Amino acid sequence: MSSNSINPQPADGTTLRLGLILLLGLIVRRVFFTGTAGGDDQIYSAIIGDMLKGTSDFNARGIFLARVGLIYPAALFAWLTGCLEIGFVLYPLLCSMGCIVVAFLLGRLLFSPSAGLTAALLLAVYPFDVRFSTGLFCTTPLMFFMALSVYLFLLADRTEPGRRRALLYLCSGLSAGAGYLVKVPSLLLALVFAAYLLYNRRIRGGHFLVVMGVLLVVAAESAALYPKTHQLLGRLAVASGSVSPNQRAYFQAAGHYSLATYPRIAFVSCYMFGLMFHAAVAAAAYFIVKRSRPAGYVLLWLILLSLYLQFGSINLTRYEAIGKSLRYLGILTVPLAVLVGAAVDAWRGLWSGWFARLAVGLLVLTSLAGTDIAVGFQQSYSRNARLIARQMRNLPRRPIYTNWENNCTLNYFFRYQRTGTIKLYAGYDFVTRQTTNPVDLAQVEDCYVIDDEASWSYYSRVYKMKRPALLDEPPSHWQPVVKVRDEHTRVGYLSIRFAGAVLRSGLVPSALAKRFLDTIAFHTQPHKAVVYYVPESRTPRIQL
């Protein structure tokens, strides 16, 4: 293979085009910015808040011990930015931009510069990546380090023997190890690399440097954490342990063990993925017919990880099925973009290039519309909480009663300076789906009570949690002191209207159309929130 295939010269403006794609990616992520908006990100941000205050209890984190590759870099950015909102999500955002670059590099390495640019463009607007790039999740850092490891491995295999090749192999292992620090599934790359070696029927001495790179990271991490965990590979043991009976009961009730879960959310409830999975099936069929060897590498990557997500075990000592989660599909993102980008590039000869242009246009349009639907609720929820926190900073400090979601998010927007003053007016048992420890709001006084439509919309839909009846008809002495309403222009409005028209046209089965329309309505409706001040009662209370 010529040196030009390894290090092609960007004389055709490839670098400029990649820069414009990265700029587009940043613009899209700014428009659809969510920040901390419900879920594990609230737990991660709370941990970082404790770390910055010096009150973090390392051994109390449980499963979140397995996320040090997310927590510590994100904490560094939060500290550097003075605990600003962007600081908490800057690390995932940079990793998302890195994924776009790596998708380009992989496409260029295996196929052509134009295939790499197409893959980068598709990833720049990919709803899944956009959604998780501005929230504090493991998703985009894990995607980045796994994809970077594969790229460095393939690049090393195409490099002449010498120090550079050895360094690339070692860096591939270090990158996989960095992914392991984010989340243990990074080690699934061992399946991909093993299949690649079998596919090529060739093992080089330098391949063992990949293993050495991973072991160096694992050894360094174990040495650093041993004084706190008092066991070797303690984080791996925590991450790959059994699911508790309560968690398993909840996952089973939510259908998280059904084999139909991933096909349904990838091909039916596809607003989070656009038409990427549909295009990937067409691309796979095309490359199988063409017997493309480079595409075979990407297909191995995709198929092996997909099979493990569907049938793999969470426990290393005995088989325990992995609960299906939308976020787990993140490890397929970069190979999906590369495969589809390469196929679109190969289709440029059809209809004088119009077929490829139409394919890219359709994928981009559906991705923007899907992103608008996917982040609609999170944007509404976080925007309301942001506005509430901003206005409440000018109010006297008093106890604040709210639900669990707002408790986490308000602490985040208050920069963890009011921890302890925000209280729950109801807990919730996620297994039995019952409200726990309800507070009698009729008895509270000299405090604030928050009624946020967005969080209750989510609770009632997903968890069937009941809203306190008193919030439906607040007592007359409750004084509204803050009122906010999420109102914003949606970028994908026209495409959503078009999708709605198609769904209502009768071309789609009525039950499926109704489900889509309900999902669109839920994610795109505006929400309001009210903060009530409950004054201190002037009637003396009788002490019992």
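None of the values given here were measured: they were computed from a predicted structure.
Under a 3.5 Å cut-off, the side chain of S172 and the backbone N or O of L168 do not form any donor-acceptor pair. A donor-acceptor distance shorter than 3.5 angstrom exists from the side chain of S133 to the backbone of V130, with no hydrogens or angles considered. Under a 3.5 Å cut-off, the side chain of E85 and the backbone N or O of G35 do not form any donor-acceptor pair. Side-chain atoms of S313 come within 3.5 Å of backbone N or O of E320 as a donor-acceptor pair. Proximity of a side-chain donor or acceptor of R29 to a complementary backbone N or O of A124 within less than 3.5 Å is detected. Put simply, the side chain of S382 gets close to the backbone of T34: a donor and an acceptor are under 3.5 Å apart. Side chain of T366 to backbone of G274: no donor-acceptor contact under 3.5 angstrom is found. When atom types are taken as modelled, the side chain of Y286 and the backbone of V344 share no donor-acceptor pair closer than 3.5 angstrom. A donor-acceptor pair is defined here as one N or O able to donate and one able to accept, closer than 3.5 Å; such a pair exists between the side chain of S222 and the backbone of V218. Listed for the T371 side chain is a donor-acceptor partner under 3.5 Å among the backbone atoms of S367.
In terms of the ring pair (Phe, Tyr, Trp, His ring centres under 6.0 Å) criterion, residue partners of F287 (sequence neighbours excluded) are, by chain and number, F111.
Interatomic distance, CZ of R131 versus CZ of R327, reported as 8.5 Å (0.5 Å rounding). Note that CG of L142 and OH of Y180 are 13.0 Å apart. Values are rounded to the nearest 0.5 Å. With rounding to the nearest 0.5 Å, the separation of CG in L309 from CG in L188 is 7.5 Å. The CZ atom of F145 lies 11.5 Å from the SG atom of C138; values are rounded to the nearest 0.5 Å. Residue L90 holds its CG atom at 7.5 Å from OG1 of T81, rounded to the nearest 0.5 Å. The structure places CG of L365 at 12.0 Å from CG of L358, a figure rounded to the nearest 0.5 Å.
Defined by atom type and a distance below 3.5 Å, a donor-acceptor pair is present between the side-chain atoms of Y297 and N200. Judged by distance alone, the side chains of D129 and T140 never bring a donor and an acceptor atom under 3.5 Å apart.
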(message) Apply side-chain contact (heavy atoms from CB on, under 4.5 Å) to residues V28 and Y126 and explain how you reach the verdict.
(response) CA-CA 10 Å; V28 171; Y126 188 44; over 6 Å; no
(request) I would like to know whether F88 and Y412 meet side-chain contact (heavy atoms from CB on, under 4.5 Å); could you show each step before the answer? (result) CA-CA 9 Å; F88 280 86; Y412 169 66; 3.6 Å; yes
(message) Under the criterion side-chain contact (heavy atoms from CB on, under 4.5 Å), I'd like the reasoning laid out for Y196 against L154: C-alpha separation, chi angles, the key distance, then a yes or no.
(response) CA-CA 10 Å; Y196 172 84; L154 294 175; 3.6 Å; yes
(message) With side-chain hydrogen bond (donor to acceptor under 3.5 Å, both in side chains) as the criterion, how do S114 and D345 come out once you've worked through the C-alpha distance, each side chain's angles and the decisive distance to 0.1 Å?
(response) CA-CA 7 Å; S114 58; D345 184 60; 2.4 Å; yes
(request) With side-chain contact (heavy atoms from CB on, under 4.5 Å) as the test, would you mind laying out the steps for V217 and L181 before giving the verdict? (result) CA-CA 8 Å; V217 174; L181 296 182; 3.8 Å; yes
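Between F128 and F273, the ring planes are parallel. Angles under 30° get that label, and only those over 60° would be called perpendicular. Relative orientation of the F193 and F153 rings is parallel, given thresholds of 30° and 60° on the angle between their planes.
Between M272 and L326, the closest side-chain pair of non-hydrogen atoms falls below 4.5 Å. Side-chain contact between V102 and M146 is absent, with no heavy-atom pair separated by less than 4.5 Å. Using a 4.5 Å heavy-atom cutoff, the side chains of L24 and L121 are in contact. The closest side-chain heavy-atom distance from I288 to L299 is below 4.5 Å. In this structure, Y328 and Y262 have side chains that are in contact, with non-hydrogen atoms separated by less than 4.5 Å. With contacts defined as side-chain heavy-atom distances shorter than 4.5 Å, the pair Y308/P185 does not qualify. With contacts defined as side-chain heavy-atom distances shorter than 4.5 Å, the pair R348/F355 does not qualify. Inter-residue side-chain proximity for P92 and T139 is flagged as unmet; no heavy-atom pair is nearer than 4.5 Å.
Applying the 6.0 Å contact sphere to CZ of F208 captures no more than 12 heavy atoms from other residues, nucleotides or ligands. Within a 6.0 Å sphere centred on CZ of R202, heavy atoms belonging to other residues, nucleotides or ligands number more than 12. When the shell of 6.0 Å around CG of L215 is examined, it contains more than 12 heavy atoms from other residues, nucleotides or ligands.
When all heavy atoms of V68 and P73 are compared, the pair lying nearest together is O-CD, 3.6 Å. Annotation for S149 and S175: closest pair N-OG, 3.5 Å, computed over non-hydrogen atoms. Scanning all heavy atoms of the two residues, the minimum distance from T159 to L155 falls at OG1-O, 2.6 Å. What you find for A195 and L300 is that their closest heavy atoms are O-CD1, 4.0 Å. The heavy-atom pair separating Q310 from L259 by the smallest distance is NE2-O, 2.9 Å. Nearest heavy atoms, L18 versus A120: CD1-CB, 4.1 Å.
For residues 277-294, there are no salt bridge (charged side-chain N to carboxylate O under 4.0 Å, His left out) pairs, not counting sequence neighbours.
Note on D157 versus R165: no salt bridge recorded, every NZ/NE/NH1/NH2 to OD/OE distance being 4.0 Å or above.
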